[in-house]
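Only a predicted model underlies this, so the values are computations on that prediction, with no experimental measurement involved.
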Amino acid sequence: MAASRRRRTAAVAATVVAVVLTAGLTTGCDAVNKALDCVQTADAIADSVTDLQQAVDAAANDPTQIDESLQSIDQNLDEIGDKTDNTDVNKAVDDLQKAVQNVRTAVQNGDETPDISPVTDAAGELTKVCTP
């Protein structure tokens, strides 16, 4: 688990460097900041999705963890949605919000092990559109 998180952090760091270098050569500082915000928030969402998977796996012991993980994803989505006007990013945010709501609804309807693969897929798409 720690190795996976280190790899993801290294990948995000490399992406941030690439964004800074690319954007610094072709755009203003505002665009660089927006790109960095997108990458950082996508990484935070990836961490929240990992937490969600762990919460689903441990739902029998503490079902409140699922809701806490979903709330964390929602907060990060609100943050990234407020900071971008990129159509692809906004669509990815909308898709992820819809997937999170579907999981939340499943849990509210008594599903203790909801299918979170749509959340994982949507988070992957968000990471992809945030990467230059």
Contacts of K91 that satisfy salt bridge (charged side-chain N to carboxylate O under 4.0 Å, His left out) - sequence neighbours left out: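 Partners of K91 by the salt bridge (charged side-chain N to carboxylate O under 4.0 Å, His left out) criterion, ordered by chain and then number, come out as D95.
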Under the rule for side chain to side chain donor-acceptor pair (under 3.5 Å), what residues qualify as partners of S72, not counting sequence neighbours? S48
Among all residues two or more places apart in sequence or in another chain, which pass the side chain to side chain donor-acceptor pair (under 3.5 Å) test with D115?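 D115 satisfies side chain to side chain donor-acceptor pair (under 3.5 Å) with S117 only.
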When rounded to the nearest 0.5 angstrom, what is the spacing between [atom1] in [X] and [atom2] in [Y]?
{"X": "D47", "Y": "L52", "atom1": "CG", "atom2": "CG", "answer": "12.5 Å"}
{"X": "L70", "Y": "Q101", "atom1": "CG", "atom2": "CD", "answer": "9.0 Å"}
{"X": "L126", "Y": "I73", "atom1": "CG", "atom2": "CD1", "answer": "11.0 Å"}
{"X": "N90", "Y": "Q97", "atom1": "CG", "atom2": "CD", "answer": "9.5 Å"}

Compare every heavy atom of [Y] with every heavy atom of [X], then report the nearest pair and how far apart it is.
{"X": "R104", "Y": "D67", "answer": "NE-OD1, 3.7 Å"}
{"X": "T113", "Y": "V56", "answer": "CA-CG1, 4.0 Å"}
{"X": "D74", "Y": "V100", "answer": "OD1-CG1, 3.5 Å"}
{"X": "P114", "Y": "V103", "answer": "CG-CG1, 3.9 Å"}
{"X": "L96", "Y": "V119", "answer": "CD1-O, 3.4 Å"}
{"X": "V49", "Y": "A123", "answer": "CG2-CB, 3.8 Å"}

Do Q65 and S69 have side-chain N/O donor and acceptor atoms under 3.5 Å apart? no
Step by step, work out the side-chain contact (heavy atoms from CB on, under 4.5 Å) result for D57 and Q53. CA-CA 6 Å; D57 292 343; Q53 178 61 53; 3.0 Å; yes
